[in-house]
Structure formats: C-alpha cells, structure tokens
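All heavy atoms count here, side chains included; hydrogens, waters and symmetry mates do not. Sequence positions, counted from 1, serve as the residue numbers for this chain.
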Amino acid sequence: MKALILVGGFGTRLRPLTLSMPKPLVDFANKPMILHQIEALQAVGVKEVILAINYQPQVMVGFTEQFGALLGIKITCSQEFEPMGTAGPLALARDKLDDGSGKPFFVLNSDVISEYPLQKMIDFHKYHGGEVSIMVTKVDEPSKYGVVVLDEKTGEVQRFVEKPKSFVGNKINAGIYLLNPTVLDKIEMRPTSIEKEIFPKIAKERNLFAMVLPGFWMDVGQPRDYITGLKLYLGSLRTKAPDKLAAGVNIVGNVLIDKSAAIGAGCLIGPDVSIGQNCVIEDGVRLSHCAIMQGARVKKHACISGAIIGWHSTIGQWARVENMTVLGEDVHLSDEVYSNGGIVLPHKEIKNSIVKPEIVM
Ligand code: GDD
Ligand code: MG
C-alpha cells in the first residue's frame, strides 16, 4: 500500500516554532510529528510514503533521506510550485499513487495526533465497499474543523461542511482518509480543497463513508492544542506502553524523558511533560504541562507550566514561564525573568519580564 501525507501550509499558527522547522518536523512527544504517522502507516504494511510539500523542500528532502533509511521505508517528496491545497497535491502525485493495482491509498493531514487505528480503517473500507473512507471524531468546538453528518448505522456520509458558520453537528473530519484510485479522476490539476470541493461531491454520490475514530485525537497545529494533545498522547502511552514513561519520586503523572536528558536533584516534573534529547534540567526545577525540545537547558529553580520551549533555548534560574508561552529556537531567558504567555521569535535574548501575552520580535 501507499500513502500521501499533506505536508504543505506555512504552519503560521505554530509560530515561532515553524520559523525554524516545517510544521510536520516540529517535535511532538520527542519526535517529529510526521514520524508518528509514518510509523503507524508502516505498521499496517504501507511500503511507500509520499510527502506532498510546498515549503522548505530542502529540509524535507533531508528528512526523507535520514528517516527513510532509519525505518527501512521508501519516503519520497512530491513538490508543488504553488500551494495546491488539500486535493491538488493528489493530482500532482497521481502517477505515484495509482500503480494500476486498484488498491486504495491513505491520505493524512500531517498535524494530527491519534492512536492511528489504520487496520480498522482498512477493514471498514472493505466492508462498505464505497470509494472513500474517512475517520471522524467528536469535539466540543466543531466550527474550526470540517463537520460530517453521517448515517449512524451504515457510516454513509450525508453532508460534509468545512468550517461551518452555524451548528451542523459535533462529528468532525479527523484528517485521515483511505481513497480508491478512482477518486483521482475527480481531482483537477489546480489548487483545490478536498474538504470543500471533493468530499461534498463524493458524499452526494453516496460514496463517502465515515468511521468514528476510537481513542484520542487532536490537531496539534496550535500551541494550546499541542499541549492538550501531549496530555492525551501521554495518557494513551500510560495504558499501551507504560514502560516508556518516566517513574520516580520526582515524577507526577505522565512524563516522557529522553534517555540522553540530564535531570538534576530535587526537581518535580509532571504531569504531561516531554523532555527531549540532550536537554539539561538543573536542580530544583518544577515542570508541568510543557514540552522541552531537544538541547534546551532549564537552570536551577526555574518553574515552567503550560509552555513550549524551543530547541536549544535556555531558561534562567528562578525564571517563571507560564500561560502558553512559546519560545522559538535558541531563545535565552535571563535569570528571574517572568513570561506570561510570551511568544518569542528565534535567537532572542530576553532580559525583561513579559507580563502579558504578546509577541516578542
Ligand atoms: N501539500 C500541501 N499543499 N499541503 C497543504 C496545503 C498545500 O497547499 N495546505 C494545507 N496543507 C496541509 C497541512 O500541512 C495540513 O497537514 C493539512 O493539509 C490540513 O491543513 P490545515 O491548514 O492544518 O487545515 P485545518 O486544520 O484548518 O483543517 C483540516 O484539518 C482538520 C482536522 O485537523 C481539514 O481537513 C478539516 O476538515 C479537518 O477537520
Ligand atoms: Mg490543521
């Protein structure tokens, strides 16, 4: 089987992290977001993953070489010269996706995190025999997603409305699809939205089926959702692979610590924290609800709660970082500084407190 992952878009809602790295390569739970998806695809027998890219192609090509070899899977790039939306990239990669076997292929949004029950989806696709299967999930705030109305018994989708202005339903498109190659005949070679132009049409033809995704789901393309997604992911790890989580008297709830990270004495860490490769957490640090990315250093007695600390940043001693602060790559917060929701662009030195949520350029 083959799969295409939509890797375009500028990831503006995840700035300043996406100023250093395309969104799919931003670490989530200590590995690039997209790696979670590639591993899940590989587990159900996908042999080739096509990344549909339109942004920082050189970085993505480097990634494909590094991880393709590591995982033993073929990863190729299909490059757009203008953003082709969420359907156009399928037309562009048509020759790669349709090998004449008639076998369905996966299409994934690159910024969603879930348990990826892809085998269940393959079974569901065979069962209903329609042209397209999509995963749906329930959310409290459906207006920022694609809303799906379906026949609860058969899964047949009756309506698909992208970002509805008024309430349509609370089941939304989870961004995980299985498509028969015949769909490619319906997509023109131009910027097109699969959600606005293709799915509503296939629903009308009664060929679009949805299954409710078991387990957790989150679009982690915005800082607050990223932190919520981390909590859900670690919660799921607790039931599926608890030995991957940290344990000890200094750990509260679910915490993921890379084995190369150094943790000082007298720290209190958790719940819902990820600490990446080569991070240094000095003595007496308090961390909760936060992601500390590769190479960052948190100095003595600093306190971080509700934040993403970008690669190779440092947090000074006695500093206090909270309220969805996001520090870009290589940001240095001086000792005793307070950040209340600061969004700090890469390579900055912060000497004064950020007392209310603001962007620091
Ligand atoms: N190659 C390519 N080219 N990829 C693109 C482009 C493009 O021009 N534009 C967006 N993408 C990719 C993004 O990187 C992301 O992986 C995916 O397509 C969806 O784009 P988002 O910008 O993240 O869309 P969204 O989050 O507002 O809405 C989508 O996801 C929701 C679930 O998270 C829709 O699919 C909704 O229906 C869905 O509910
Ligand atoms: Mg998204």
So, Asn340 side chain and Val355 main chain: donor-acceptor pair closer than 3.5 Å or not?
-> yes
Would you say Ile176 and Met121 make side-chain contact, with heavy atoms under 4.5 Å?
-> yes
Kindly say whether Leu234 contributes a backbone atom to a donor-acceptor pair with the side chain of Ser236 at under 3.5 angstrom?
-> no
Remaining members of Met189's ILVMFWY cluster at a side-chain heavy-atom cut-off under 4.5 Å?
-> Met84, Leu92
Taking a hydrophobic cluster as the set of Ile, Leu, Val, Met, Phe, Trp and Tyr residues connected by side-chain heavy atoms closer than 4.5 Å, whether directly or through intermediates, do Leu4 and Val183 fall within one such cluster?
-> yes
Within-4.5 Å side-chain heavy-atom neighbours: Val112 and Val220 | no
Which value, rounded to the nearest 0.5 Å, describes the distance between Gln294 atom CD and Ser313 atom OG?
-> 12.0 Å
Ile75 with Ile34, same ILVMFWY side-chain cluster at under 4.5 Å = yes
Check: Thr182 main-chain N/O paired with Asn180 side-chain donor or acceptor under 3.5 Å = no
If every non-hydrogen atom of Gly8 is compared with every non-hydrogen atom of Asn54, which pair is closest and at what distance?
-> CA-OD1, 3.5 Å
Shortest non-hydrogen separation from Val337 to Lys351 and the atoms involved | CG2-O, 3.4 Å
Nearest-0.5 Å distance, CZ of residue Arg15 to NZ of residue Lys23 = 11.5 Å
Indicate yes or no: at least one non-hydrogen side-chain atom of Ile5 is less than 4.5 angstrom from one of Gln37.
-> yes
Please check if the side chain of Gln317 supplies one atom and the backbone of Lys300 the other of a donor-acceptor pair under 3.5 Å.
-> no
Any donor-acceptor pair under 3.5 Å linking the side chain of Thr154 with the backbone of Glu156?
-> yes
Residue pair Pro346 / Asp330, side-chain heavy-atom distance below 4.5 Å = no
Main-chain N/O of Leu184 paired to Arg94 side chain as donor or acceptor, under 3.5 Å | yes
Within 6.0 angstrom of Glu188 CD, more than 12 heavy atoms from elsewhere | no
Between the CG atom in Leu327 and the CE atom in Met293, the distance rounded to the nearest 0.5 Å is 10.5 Å
Taking the side chain as every heavy atom from C-beta outward, state whether Lys74 and Lys2 have any pair of such atoms under 4.5 Å apart.
-> no
Joint hydrophobic cluster, Met361 plus Ile308, side-chain heavy atoms closer than 4.5 Å = yes
Considering all heavy atoms of both residues, which atom of Ala87 and which atom of Ile198 are nearest to each other, and what is their separation?
-> CB-CG1, 3.9 Å
Does one hydrophobic cluster hold both Tyr338 and Met324, with members joined at side-chain heavy-atom distances below 4.5 Å?
-> no
May I ask you to test the Pro223-Leu14 pair for a side-chain heavy-atom distance under 4.5 Å?
-> yes
Between side-chain atoms of residues 248-270 and protein atoms elsewhere (two or more places apart, or another chain), which donor-acceptor pairs fall under 3.5 Å?
from, atom 1, to, atom 2, distance (Å)
Asn254, OD1, Arg238, NE, 2.7
Asn254, OD1, Arg238, NH2, 3.0
Asp258, OD1, Ser260, N, 2.9
Asp258, OD1, Ser260, OG, 2.5
Ser260, OG, Asn278, N, 2.9

When clusters are formed by joining ILVMFWY residues with side-chain heavy atoms under 4.5 Å apart, either directly or through shared neighbours, do Trp311 and Leu19 land in the same one?
-> yes
Val149 side chain reached by Val168 side chain, heavy atoms, under 4.5 Å = yes
Aromatic ring pairing Tyr226/Phe28, orientation class (parallel under 30°, perpendicular over 60°, tilted between) = perpendicular
Side chain Asp98, main chain Pro181, donor-acceptor under 3.5 Å = no
Within the distance-only criterion (no hydrogens, no angle test), does the side chain of Thr325 pair as donor or acceptor with the backbone N or O of Gly341 below 3.5 angstrom?
-> yes
List the atom of Ala174, the atom of Trp217, and the distance in Å for their closest heavy-atom pair.
-> O-NE1, 3.0 Å
Could you tabulate the donor-acceptor pairs under 3.5 Å formed by side-chain atoms of residues 132-145, not counting sequence neighbours?
from, atom 1, to, atom 2, distance (Å)
Ser133, OG, His125, ND1, 2.7
Ser133, OG, His128, NE2, 2.6
Lys144, NZ, Asp225, OD2, 3.1

Side-chain heavy atoms of Ile292 within contact of Ser274, under 4.5 Å = no
Hey, which of Val298, Val280, Ile315 is the one that makes side-chain contact (heavy atoms from CB on, under 4.5 Å) with Val285?
-> Val298
Looking only at atom types and distance, does a side-chain atom of Asn109 sit under 3.5 Å from a main-chain N or O of Asp111, one as donor and one as acceptor?
-> no
Is it true that Phe209 and Tyr127 have ring centroids separated by less than 6.0 Å?
-> no
